[in-house]
**Student:** 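Below you will find the structure I want to go over with you.
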Amino acid sequence: MTTAQLTSRDRLVATLNHTEPDRVPIDFGATAVTGIHVSCVAALRDYYGLEKRPVRVHEPFQMLGVVDEDLRAAMGLDVIGVFPRNTMFGFPAERWKEWSFNGLDVLVPGDFKVTTDANGDTLIYPEGDTTVPPSGRMPRGGYFFDSIIRQEPFDEERLNPEDNMEEFKAITDEDVAYIVESVRTVGETGLGVIASFGGTALGDIALVPAPFLRHPKGIRDVTEWYVSTSSRQDYIHKIFERQCEVALGNLERIHDAIGECIQAVFLCGTDFGTQTSAFCSVKTFRSLYFPYYKQMCDWIHAHTAWKIFKHSCGAVSKFVPSFIEAGIDILNPVQCSAAGMEPEELKSVFGKQIVFWGGGVDTQKVLPFGTPAQVREQVLRRCQVFAPGGGFVFNTIHNVQAKTPVENIIAMLDAVHDFNGRR
């Protein structure tokens, strides 16, 4: 197949199958961990001279902006996402309205309901219900929300795993219809598609506080949850067992509705690594998490052609063999600055077994604080390491954060396109 015949979807399929495509596929905005802060989306629209209009905030928790068709084309992107109907705060991304965000006019969903406290912090409410306690806080002058921990007192002897299961339910007809329409719409673009259906994340710490629920029950304090993964493993197993059962039923129903119209599915965003170490041992991972990952991955691989995307920040190289054994096809964000995450070693050891989706440039130092020349140098080096033989989708290491200089973002994109032009 010649370069002219290869579509963006073809490129994604090729790289996911470890067949070297004509160029490295590029993703920005297709998932909640490969996105761009709304302020940077607005800056990019200005840079490219696109129509002046407020950017939609599709993920208000991290304040990620929608990368519309005109901007996708200007940036030269190859991947588009399908998102759940509801946001992290439990309301649908629809009925858009204007909101002034640090002096920038943006569009937010209609049920995006906020108040300001005495400190000037912005408080947001689950399901847009201002009669219940707020579930998120953005500090004055901040750029994203943090969950407010709403842990209710509990009796150690009467802990009920069902309380931590209230958000995991059989998918509704309305949600299936939403997914079908979303898949149909993105399918018309010719881009590669990754879908985030929700309900398959095992203990994702961003989800544990349940900012989408009015009155969350069970263990919802972040510290208490981490303690529970060691001291209350029977409790966690019961949650994961039931969650996995529900997830498998939902995946079957979704696949019946959409078939093979997507190329990848977001499985889970649970982080297992820190900057220098890990949140648990490999032994704990294999006893507490692995059985449920494997059940879900086995079902997906047995019944679909979808590739499975797993997000985990930090130093996770020691977990990668278990990820692969569980059936995970894609690792994100590939945090190369963490201990043991050297790009050359990752590609050499695991490059034929797992796809690296991310790792293209450091978002802690180089992209936000480096010069355009430094950004370009790192991007070209990462492409040279990760691209050969396929198995590499270009993205930053997690989302592009607020206040990242637009000239650095452009230097990054130009470097990837220049690398692709040399191939």
Side-chain angles (χ1 to χ4, degrees), residues 32 37-38 57-64 83-102 106-169 172 174-175 198-199 201-229 232 235-236 239 242-243 246 269-271 402:
H37 192 270
V38 64
V57 178
H58 73 93
E59 207 285 68
F61 189 69
Q62 301 174 95
M63 294 299 291
L64 300 181
F83 294 91
R85 187 168 64 92
N86 286 339
T87 69
M88 277 283 285
F89 291 107
F91 48 75
E94 61 187 26
R95 298 187 295 106
W96 302 94
K97 64 183 182 183
E98 290 196 9
W99 187 56
S100 180
F101 173 48
N102 292 332
V106 299
L107 295 177
V108 294
D111 287 328
F112 179 102
K113 303 286 180 65
V114 295
T115 59
T116 305
D117 70 6
N119 296 321
D121 295 352
T122 300
L123 306 177
I124 192 168
Y125 294 81
E127 299 183 44
D129 186 351
T130 56
T131 68
V132 302
S135 60
R137 177 189 301 274
M138 183 188 297
R140 182 177 181 181
Y143 293 93
F144 53 83
F145 288 94
D146 294 309
S147 285
I148 295 174
I149 303 301
R150 297 167 294 156
Q151 175 73 67
E152 296 183 357
F154 62 85
D155 182 342
E156 185 74 37
E157 302 302 317
R158 297 184 179 180
L159 275 173
N160 182 1
E162 287 297 320
D163 288 343
N164 275 98
M165 274 297 303
E166 60 179 318
E167 61 263 48
F168 301 109
K169 299 176 180 177
T172 65
E174 187 176 16
D175 284 336
L202 302 175
D204 185 336
I205 210 62
L207 303 176
V208 166
F212 36 79
L213 295 179
R214 289 182 170 93
H215 296 287
K217 297 176 289 187
I219 296 174
R220 301 295 179 172
D221 178 82
V222 169
T223 301
E224 198 67 57
W225 178 267
Y226 278 127
V227 168
S228 299
T229 62
R232 303 185 183 102
Y235 181 85
I236 302 297
I239 296 169
R242 175 61 181 147
Q243 180 188 343
V246 173
T270 302
D271 292 325

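Along the sequence shown, residues are numbered consecutively beginning with 1.
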**Student:** Going by the rule salt bridge (Lys or Arg N to Asp or Glu O under 4.0 Å), which residues pair with Arg95 if we only count those two or more places apart in sequence or in a different chain?
**Tutor:** Asp111
**Student:** Could you tell me the separation between the CD1 atom of Ile149 and the CG atom of Asp221, rounded to the nearest 0.5 Å?
**Tutor:** 5.5 Å
**Student:** Could you please spell out the steps behind the side-chain contact (heavy atoms from CB on, under 4.5 Å) verdict for Lys97 and Leu107?
**Tutor:** CA-CA 5 Å; Lys97 64 183 182 183; Leu107 295 177; 6.0 Å; no
**Student:** Can you tell if the side chain of Ile124 reaches within under 4.5 Å of the side chain of Phe91, non-hydrogen atoms only?
**Tutor:** yes
**Student:** Rounded at 0.5 Å granularity, tell me how far OG1 in Thr131 sits from CZ in Arg214.
**Tutor:** 7.0 Å
**Student:** Is a donor on one side and an acceptor on the other found under 3.5 Å between the side chain of Thr270 and the backbone of Leu202?
**Tutor:** yes
**Student:** As an exercise, state the distance from CZ of Arg150 to NZ of Lys217, rounded to the nearest 0.5 Å.
**Tutor:** 13.0 Å
**Student:** Give me the atom names and distance for the closest heavy-atom approach of Trp96 to Val57.
**Tutor:** CZ3-O, 3.4 Å
**Student:** Who are the side chain to side chain donor-acceptor pair (under 3.5 Å) partners of Thr229, not counting sequence neighbours?
**Tutor:** none
**Student:** Rounded to the nearest 0.5 Å, how far apart are CG of Leu207 and CZ of Phe168?
**Tutor:** 6.5 Å
**Student:** Is the distance between the ring centroids of Phe89 and Tyr125 less than 6.0 Å?
**Tutor:** no
**Student:** Of all residues at least two apart in sequence or in a different chain, which pass the salt bridge (Lys or Arg N to Asp or Glu O under 4.0 Å) check with Asp117?
**Tutor:** Arg137
**Student:** Tell me every residue that passes side chain to side chain donor-acceptor pair (under 3.5 Å) with Thr223, counting only those two or more places apart in sequence or in another chain.
**Tutor:** none
**Student:** Only counting residues at least two apart or in another chain, list the ones meeting side chain to side chain contact (heavy atoms under 4.5 Å, CB included) with Tyr235.
**Tutor:** Leu159, Pro161, Asn164, Ile219, Arg232, Ile239
**Student:** Counting only heavy atoms from other residues, nucleotides and ligands, does the tally under 6.0 Å from CZ of Phe144 exceed 12?
**Tutor:** no
**Student:** Which residues pass the side chain to side chain donor-acceptor pair (under 3.5 Å) test with His37, sequence neighbours left out?
**Tutor:** Ser39
**Student:** Taking salt bridge (Lys or Arg N to Asp or Glu O under 4.0 Å) as the definition, give me every residue that meets it alongside Arg85, ordered by chain and number, with sequence neighbours left out.
**Tutor:** Glu174, Asp175
**Student:** Can you see which heavy atom on Gln243 is nearest to which on Gly199, and at what distance?
**Tutor:** NE2-O, 3.4 Å
**Student:** Are Ile148 and Ser135 packed together at the side-chain level, in the sense that at least one heavy-atom pair is separated by less than 4.5 angstrom?
**Tutor:** no
**Student:** If you count heavy atoms of other groups shown closer than 6.0 angstrom to NZ of Lys169, is the number above 12?
**Tutor:** no
**Student:** Any heavy-atom pair between the side chains of Val38 and Phe101 that's under 4.5 Å?
**Tutor:** yes
**Student:** With a 4.5 Å heavy-atom cut-off, do Val132 and Pro126 have their side chains touching?
**Tutor:** yes
**Student:** Over all heavy atoms of both residues, which pair between Pro133 and His215 is shortest? Give the atoms and the distance, please.
**Tutor:** CD-CE1, 4.0 Å
**Student:** Could you tell me the separation between the CG atom of Asp121 and the OG1 atom of Thr116, rounded to the nearest 0.5 Å?
**Tutor:** 8.5 Å
**Student:** Checking Gln62 now: which residues fulfil side chain to side chain contact (heavy atoms under 4.5 Å, CB included) with it, not counting sequence neighbours?
**Tutor:** Ala32, Glu59, Leu64, His398, Asn399
**Student:** Looking at every heavy atom in both Gly269 and Ala201, which two are closest together, and how far apart are they?
**Tutor:** N-CB, 4.4 Å
**Student:** Are Pro209 and Trp225 side-chain neighbours, meaning at least one heavy-atom pair lies under 4.5 Å?
**Tutor:** no
**Student:** Which residues pass the side chain to side chain contact (heavy atoms under 4.5 Å, CB included) test with Ser100, sequence neighbours left out?
**Tutor:** Asp105
**Student:** Could you tell me if the side chain of Glu152 sits less than 4.5 Å from the side chain of Pro216, heavy atoms only?
**Tutor:** no
**Student:** Tell me, please, which residues at least two apart from Arg242 pass salt bridge (Lys or Arg N to Asp or Glu O under 4.0 Å).
**Tutor:** Glu245
**Student:** For Thr122, give me all partners under side chain to side chain contact (heavy atoms under 4.5 Å, CB included), at least two apart in sequence or on another chain.
**Tutor:** Trp99, Val114, Met138, Phe145
**Student:** Residues two or more places apart in sequence or in another chain: which of them pass side chain to side chain donor-acceptor pair (under 3.5 Å) with Glu167?
**Tutor:** Arg220
